[in-house]
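Data first, discussion second: the structure below is written as structure tokens.
Quick caveat, the model's predicted, so the values are computed rather than measured. All chains are named by letter (A, B, ...) in the order of the sequence lines, taking the proteins before the strands, and each is independently numbered beginning at 1.
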Amino acid sequence: MASLGLSEEVKFKSTSGKDAMSLIDFVGTLRTAPFQEFGKEQRPDVRIAGRFMGQRGPFAKLQDSDGKMQLYMKKGTIGTDETEQSLNDSLVKLLHIGDFIGVEGFLFSTQTGEVTLHVQKLTFLGKSLRNLPIVKTDKEGNVHDAFTDPELRYRQRYVDLVVNPHVREAFIKRTKMYNSIREFLNEKGYLEVETPILQPLYGGAAARPFKTHHNTLDMTLYLRIANELYLKRLIVGGFDGVYEFSKDFRNEGMSRFHNPEFTQIELYVAYKDYEWMMNLVEEMLEKVAIDTNGTTKLQVGDNLIDFKRPWKRFSMYEAIEHFTGIDISEMDENELRATAKQLHVPIDESMGKGKLIDEIFGEKCEAQLIQPTFITDYPVEMSPLAKKHRTKEGLVERFEAICNGKEICNSFSELNDPIDQRERFESQLELGKRGDDEAMVLDEDFLRALEYGMPPTAGLGIGMDRLAMVMTNSNSIQDVLFFPQMKPESKPVPEAEAEGE
RNA sequence: GAUCCGGUAGCUCAGCUGGUAGAGCAUUUGACUUUUAAUCAAAGGGUCCCGGGUUCGAACCCCGGCCGGAUCACCA
């Protein structure tokens, strides 16, 4: 904590007559970025504002949202008369790392060639009472005293963002990713929509929900686990293409790939199928890679991943045969069970045919798919909302894109046969009765919507956090969420409370 | 939920076999008005995560707990 009292600082400011420059003057005025390409000649009347980030002799660093700029604050030169100069010299001595100041002066290039603002006017704008961790980088690019403790970084993201430029860059990339997708979909004429987060029935995925209660209606509501069923209602309503960036909530385990709240984009387009959607995904994610990183080739961990079209496509059976040498396409449940055992895939007795196939794939194939790859044609048991395959018995028209060993999207030709959909829900209910707590619940209103008729539709869901991890080369979902979920800090009981009321 | 690792100054970390709590940066004061992580000098700064236990003596050993990370499990 700074020993300099805040009141002292404020008093100083109020007596120094430095309010002449209004705050408005710093809003929307020049930032540091335009000056980084500065040449040799001086450039007058430059005004910037930001955090004071330390001083050595007359040279100081100012940091704003674009980066850092050097200031030259020579004693006795800031201000128009001696009184002001003397006050400013005192103010400079009182500055603390993290304080906000506004400065005005002329730009010049120092002996070492660094673009520097020679400060002629100085305005105090805000006080920092806490010591920011000082991260320094030397000529070789080595980082000293980095602010690295993950717990502190996540709990105090504001500090992380101030002192770790790579962190803010990752979040800027995340936003670019959203913008890129919006631009792509809007250009195709699809409508960005919003649907309920509080839902009386949770559907569209298999997951345990968060449950809450509405007082006035006196009813249970769930935080959505997906928005699929609502977007399809909109397709029934006549929109040709709708999408939503959807914050979804799943009351399940946490890991470096799972946060209880996360974001998916879901897209539904009428009169299309999953083949068409595969092409859209390739085109869109290639663009996203370029828009976020300037290239289709991204270094992710140890892997160089190339989003350039076209991507490899495997059916799930082909993928399993490719990685295990076993053709399971004609096997019944008992043969699949034997095969899983032979491959040392952990299984249990409750697993049906579809689950066994999915398990073999997940265990033997998924992690080995590094380059973006489409896996198509999933078992019908795993996909109660997907349309049955037009030629392959027991399968649905579904694909996932796998990248860096993880699923990044899921898509199918949507089931638009209301009778089939009712049967699928009913078999989900059967699974539920047999103890599958992930089985979907039957949504009568959704079925009613389908009964009015839904055009053939292609649907897509992309895990935005997973995609952001790839696009920013992040190892944990926490690195692409500003405020990842954490347990509360344990606080010592304040003394006032300990003394009683 | 399981296993492993970690928690010491604002930050990054040392701390040996259990024996007075340490460094660098940051902060404060003074000098310096210069450059480019780190000028010099001095000073201040600690619930060693919490609670028990063992011991003459615990940051260190033991037990329990809290928080975090990794891996696994779970999660289509």
Side-chain angles (χ1 to χ4, degrees), chain A residues 1-5 53-61 68 70-77 89 92-98 110-114 116 128-156 159-160 162-164 204-208 225-226 250-260 262 316 346 351 354-355 357-359 361-362 366 375 378-379 381-386 396 398 400 406-407 410 412 428 431 436-440 461 463 475-476 478-479 484-493:
Chain A
M1 193 79 71
S3 67
L4 171 67
M53 290 299 275
Q55 185 170 15
R56 185 161 175 229
F59 294 98
K61 286 279 194 274
K68 287 187 182 173
Q70 181 161 271
L71 304 179
Y72 185 66
M73 301 201 291
K74 190 172 171 61
K75 202 188 279 182
T77 67
D89 289 345
V92 167
K93 293 200 77 169
L94 287 172
L95 286 178
H96 180 253
I97 285 179
T110 62
Q111 289 174 8
T112 54
E114 177 160 352
T116 300
S128 167
L129 292 178
R130 291 176 184 266
N131 293 323
L132 285 167
I134 299 301
V135 182
K136 292 175 176 172
T137 309
D138 65 23
K139 272 173 272 183
E140 286 79 38
N142 301 311
V143 176
H144 302 264
D145 301 315
F147 181 59
T148 53
D149 185 309
E151 184 170 2
L152 287 173
R153 287 184 45 230
Y154 302 149
R155 287 196 195 283
Q156 301 182 41
V159 175
D160 194 25
V162 169
V163 303
N164 286 328
R208 293 207 305 275
I225 58 173
R250 297 188 183 177
N251 203 342
E252 286 166 351
M254 291 168 66
S255 76
R256 70 188 182 94
F257 293 106
H258 300 86
N259 195 67
F262 64 103
M316 184 169 260
M351 289 179 180
K355 185 75 179 164
I357 295 170
D358 190 61
E359 207 63 28
F361 175 80
E366 192 169 13
I375 302 297
Y378 283 62
E381 295 90 334
M382 309 299 301
S383 315
L385 300 168
V396 291
R398 169 178 173 181
E400 290 188 0
K406 276 280 168 186
E407 169 196 346
N410 183 18
F412 22 90
Q428 286 288 307
L431 287 177
D436 184 348
D437 60 355
E438 296 155 9
M440 286 185 190
N475 200 39
S476 167
Q478 298 171 112
D479 292 327
Q485 197 58 240
M486 305 277 276
K487 282 201 181 185
E489 295 174 75
S490 53
K491 287 179 197 162
V493 180

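The shortest distance between side-chain heavy atoms of A/Met254 and A/Gln485 falls below 4.5 Å.
Of all nucleotides present, only B/G69 satisfies the Watson-Crick or G-U wobble test against B/C4, with each distance under 3.5 Å. Using N1 to N3 plus N6-O4 or O6-N4 for Watson-Crick, or N1-O2 and O6-N3 for G-U wobble, each under 3.5 Å, B/C25 pairs with B/G10.
A/Lys61 pairs by the salt bridge (Lys or Arg N to Asp or Glu O under 4.0 Å) definition with A/Glu114, not counting sequence neighbours. Residues satisfying the salt bridge (Lys or Arg N to Asp or Glu O under 4.0 Å) test with A/Asp145, not counting sequence neighbours, are none. Judged as a side chain to side chain donor-acceptor pair (under 3.5 Å), and not counting sequence neighbours, A/Gln156 has no contacts. In this structure, the side chain to side chain donor-acceptor pair (under 3.5 Å) partners of A/Ser255, at least two apart in sequence or on a different chain, are A/His258. A/Arg250 meets the salt bridge (Lys or Arg N to Asp or Glu O under 4.0 Å) test with no other residue; sequence neighbours excluded.
One C1' atom belongs to B/G22, the other to B/C61, and the distance between them is 22 Å to the nearest Å. Separation of the P atoms belonging to B/G46 and B/G10 is 8 Å when rounded to the nearest angstrom. The P atoms of B/C60 and B/G53 are separated by 14 Å, rounded to the nearest whole Å. When the P atom is compared between B/A76 and B/U12, the two are found 37 Å apart, to the nearest whole Å. Rounded to whole Å, the C1' atom of B/U39 lies 8 Å from the corresponding atom of B/U34.
Looking at A/Arg153 and A/Asp479, a side-chain N of the basic residue comes within less than 4.0 Å of a carboxylate O on the acidic one, giving a salt bridge.
Contact annotation for A/Asp149: backbone-only contact, meaning every heavy-atom pair under 4.0 Å involves sugar-phosphate atoms and none involves a base. Residue-level contact check: A/Met53 touches neither bases nor backbone, having no heavy atom under 4.0 Å from any strand. Counting any heavy atom pair closer than 4.0 Å across all strands shown, A/Arg250 reaches no nucleic acid atom. A/Asp358 comes within 4.0 angstrom of no nucleic acid atom, judged by non-hydrogen atoms across all strands. The residue A/Lys75 sits close to a base: some heavy atom pair falls under 4.0 Å. A/Pro384 comes within 4.0 angstrom of a nucleotide base, judged by non-hydrogen atoms across all strands.
Taking CZ from A/Arg130 and NE2 from A/His96, the interatomic distance works out to 11.5 Å, rounded to the nearest 0.5 Å.
Put simply, A/Gln478 has a side-chain N or O that comes within less than 4.0 Å of OP1 or OP2 on B/G69. Between A/Arg153 and the phosphate of B/G69, there is no side-chain N or O to OP1/OP2 separation shorter than 4.0 Å.
Distance CD (A/Glu489) to C1' (B/G65): 18 Å, rounded to an integer number of Å. Look at NZ on A/Lys406: it is 9 Å from C1' on B/C75, rounded to the nearest Å. Rounded to an integer number of Å, the gap from A/Arg130 CZ to B/C11 P is 10 Å. Nucleotide B/U12 holds its C1' atom 14 Å from the CG atom of A/Asn131, rounded to whole Å. Between the C1' atom of B/U12 and the CZ atom of A/Phe147 lies a distance of 11 Å, rounded to the nearest Å. The CG-P distance, from A/Asn259 to B/G69, rounds to 11 Å in whole Å. If you measure from atom CZ of A/Arg208 to atom C1' of B/A76, you get 14 Å, rounded to the nearest angstrom. Taking atom CG of A/Leu94 as the reference point, atom P of B/G30 lies 11 Å away to the nearest angstrom.
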Are any protein N/O atoms closer than 3.5 Å to N/O atoms in nucleotides 34-36 of chain B? If there are, list each pair with its distance.
unit_1: B/U34; atom_1: O4; unit_2: A/Gly57; atom_2: N; d: 3.4
unit_1: B/U35; atom_1: O2'; unit_2: A/Arg56; atom_2: NH1; d: 2.8
unit_1: B/U35; atom_1: N3; unit_2: A/Gln70; atom_2: OE1; d: 2.9
unit_1: B/U35; atom_1: N3; unit_2: A/Gln70; atom_2: NE2; d: 3.0
unit_1: B/U35; atom_1: O4; unit_2: A/Gln70; atom_2: NE2; d: 2.2
unit_1: B/U35; atom_1: O4; unit_2: A/Thr110; atom_2: OG1; d: 3.1
unit_1: B/U36; atom_1: O2; unit_2: A/Lys61; atom_2: NZ; d: 3.3
unit_1: B/U36; atom_1: N3; unit_2: A/Glu114; atom_2: OE1; d: 2.4
unit_1: B/U36; atom_1: O4; unit_2: A/Thr112; atom_2: OG1; d: 2.6
unit_1: B/U36; atom_1: O4; unit_2: A/Glu114; atom_2: OE1; d: 2.9

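With RNA chain B read from its 5' end, the first of the two nearest nucleotides for A/Gln55 and A/Thr148 is the one closest to A/Thr148.
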